[in-house]
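The structure presented is a predicted model; accordingly, all values stated were derived computationally and were not measured. One-based numbering, in listed order, for ligands and for the atoms of each.
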Amino acid sequence: MSKSSFQAQLAFDAQHIWHPYSAMDSKLPVYHVESANGVRMRLSDGRELIDGMSSWWCTLHGYNHPRLNQAISEQLGNMAHVMFGGLTHEPAVRLVEKLVDLTPEGLESVFIADSGSVAVEVAMKMAIQYWNAKGKPAKQRFATLRNGYHGDTMGAMSVCDPVTGMHSLFNSVLAQQFFVSAPPAGFAADCNDQDMQPLQILLEQNHSQIAALILEPVVQGAGGMRFYSPDYLMRARTLCDHYQVLLIADEIATGFGRTGKLFACEHAAICPDIMCVGKSLTGGYLSLAATLTTRAVSDTIDAGNPGVFMHGPTFMGNPLACAAANASIELLIDSNWHQRVMHIEQLLKHWLTPCNELPQVAEVRCLGAIGVIEMKQAVDMATIVPSFVEAGIWVRPFGKLVYLMPAYIINDEDLAQLCQRLTAIVAQLPV
Ligand SMILES: *Cc1c(COP(=O)(O)O)cnc(C)c1O
């Protein structure tokens with residue numbers, strides 16, 4: 001692409017295109033990407049950046065992976081898409097076989113959705129239809145944890161953190177849900193009866209109205225990059241059983257190895273009643289997600305009124321996306337992903353932990369292939385992102401959180417460069 005043409009595109013973009021959570025007249029820089037390969041993105045001005053974000057948890061195997069490319073081209077030769085009403089196809093069947101096989105035992109009925117937010121909407125509707133079919137139509141509300149993030153559509157928004165999710169703005173359209181304080185911070189934190197009390201009291205008092213507890217297992221992502229103890233998750237499972245509330249595990253960010261287990265629920269050895277996956281499902285190639293549930297839930301929905309599950313997206317089970325997901329999951333399972341992720345955790349700890357000594361830094365925490373530097377104050381996006389780009393790395397903080405979640409294929413040298421360049425810039429920030 002010629003220089004003038006990408007610059008003209010940037011100017012057009014600034015006039016007409018919204019980016020995620022952006023203003024139309026945003027003063028924040030937007031960079032024009034020409035291509036991406038492995039862990040490197042090439043900007044149209046010729047600069048090359050080492051990617052620290054995996055495009056928001058997605059690109060496990062890096063960009064432009066030959067096997068993912070091949071899977072999509074082969075599928076393209078057969079068919080790009082057919083409707084899923086009354087039709088099925090090999091890519092979808094193979095994908096669901098894999099999901100049933102790899103996710104916690106008991107999750108056997110699968111709804112293929114087109115994005116994470118939709119998978120969350122689907123999970124919430126499943127829970128409501130389940131209780132309705134059980135003769136408990138009053139169970140239509142949800143319990144959730146503060147600091148959570150579950151997506152941007154109305155139902156999903158209603159269970160996001162009310163403060164960071166700006167619930168005040170959408171007050172009259174959002175369903176009123178039940179929020180409990182976030183679990184004690186720290187993967188290794190002790191968790192006792194007292195820590196469970198807010199959830200226990202909430203469920204005790206309101207279970208007759210609550211269809212499900214929805215949470216992100218072990219790692220709360222976009223709501224604060226917080227880690228919490230698997231023990232909390234285990235105890236939450238027990239409380240849900242006790243009070244007849246379904247448990248929805250939103251594994252959209254944590255799924256497919258990111259936390260060091262294939263799914264974060266495995267840290268607590270629990271099986272949720274409903275589980276959502278998305279983001280890295282296609283290795284970052286196409287938008288696709290899925291909601292899995294138990295036979296008990298799907299049989300009950302079938303037996304209720306109207307006897308069907310009330311959802312059906314136009315692009316449900318898109319064959320191209322399913323083909324990408326199949327290839328991505330095969331790549332992951334055939335690789336030594338667990339060893340890779342644990343190795344990345346060690347390197348992230350090695351390179352980032354010294355930042356704990358910096359006066360600007362509140363805390364450094366690493367789990368699996370996630371490294372978080374929590375600052376004492378919010379970073380200035382208008383200056384920090386350009387400094388990262390100048391240094392040849394792609395890192396996109398939010399608020400006080402500067403974090404890395406590299407592709408699992410990143411090599412030691414690139415990861416060291418990424419961390420060193422990042423920490424050098426963090427060390428220069430105003431105190
Ligand atoms: C990103 C995310 C979602 C929403 O997924 P989209 O594909 O952006 O709609 C839901 N839940 C969690 C935990 C996420 O990280």
Side-chain angles (χ1 to χ4, degrees), residues 18-22 53-60 103 111-127 142 144-162 164-166 174 177 179 182-183 212-228 233 236 247-259 261 263-265 267 272 274-292 311 313-316 318 321-322 324-325 328 367-370 372 396-399 401 403-405:
W18 263 302
H19 288 260
Y21 287 92
S22 76
M53 304 301 296
S54 294
S55 283
W56 282 333
W57 312 85
C58 290
T59 50
L60 305 182
T103 54
F111 190 99
I112 308 174
D114 30 19
S115 74
S117 300
V118 171
V120 169
E121 300 284 336
V122 162
M124 293 170 78
K125 288 170 74 171
M126 278 178 185
F142 292 85
T144 190
L145 309 179
R146 286 191 186 269
N147 290 92
Y149 177 78
H150 298 285
D152 287 349
T153 52
M154 291 291 183
M157 268 179 87
S158 75
V159 288
C160 290
D161 186 89
T164 54
M166 288 292 291
L174 287 188
Q177 314 293 16
F179 292 91
L213 166 67
I214 179 167
L215 48 72
E216 296 154 278
V218 179
V219 174
Q220 294 185 297
M225 300 299 290
R226 288 176 90 258
F227 307 155
Y228 67 89
L233 184 57
L247 177 62
I248 302 173
D250 180 348
E251 293 252 14
I252 291 167
T254 50
F256 301 104
R258 184 57 69 176
T259 69
K261 298 281 186 191
F263 296 98
C265 282
H267 287 290
I274 302 175
M275 180 166 134
C276 303
V277 295
K279 286 205 162 90
S280 65
L281 176 58
T282 63
Y285 267 59
L286 287 156
S287 181
L288 190 71
T291 308
L292 295 90
H311 207 94
T314 306
F315 281 94
M316 187 170 182
N318 174 256
C322 290
S328 175
L367 181 69
I370 311 167
V372 183
R396 193 171 165 83
F398 66 88
L401 301 161
Y403 61 101
L404 295 176
M405 37 192 171

(request) Give a yes or no on whether the backbone of Tyr149 and the side-chain of Glu216 come within a donor-acceptor separation of less than 3.5 Å. (result) yes
(request) Under 4.0 Å, heavy atoms only, figure out whether ligand 1 is touched by the backbone of Trp57, its side chain, both or neither. (result) neither
(request) Just need the protein heavy atom nearest to atom 7 (O) of ligand 1, so name the residue and atom and give the distance. (result) Gly116 N, 2.9 Å
(request) Check Val219 against Thr254 and note the closest heavy-atom contact, atom names and distance. (result) CB-CG2, 3.8 Å
(message) If the cut-off is 4.0 Å to any non-hydrogen atom of Gly151, which atoms of ligand 1 fall inside it?
(response) 4 (C), 10 (C)
(request) For Ala253, take its heavy atoms, then give the atoms of ligand 1 lying under 4.0 Å from any of them. (result) 15 (O)
Flag side-chain contact, heavy atom, 4.5 Å: [X] against [Y]:
| X | Y | value |
| --- | --- | --- |
| Pro162 | Arg146 | yes |
| Asp250 | Ile252 | yes |
| Thr282 | Ser328 | no |

(request) With atom 14 (C) of ligand 1 as the reference point, say which of Glu121, Glu216, His150, Lys279 has the nearest heavy atom. (result) Lys279
(message) I want to confirm something. Looking only at heavy atoms, which of Gly255, Cys58, Ser117 is nearest to atom 4 (C) of ligand 1?
(response) Ser117
(message) To the closest 0.5 Å, what do you measure between CG (Leu281) and CD (Glu251)?
(response) 12.5 Å
(message) Using a plain distance cutoff, I'd like to know if Asp250 has any nitrogen or oxygen under 3.5 Å from a nitrogen or oxygen of ligand 1.
(response) yes
(request) Could you say whether the N/O atoms of Val120 and ligand 1 ever approach to under 3.5 Å? (result) no
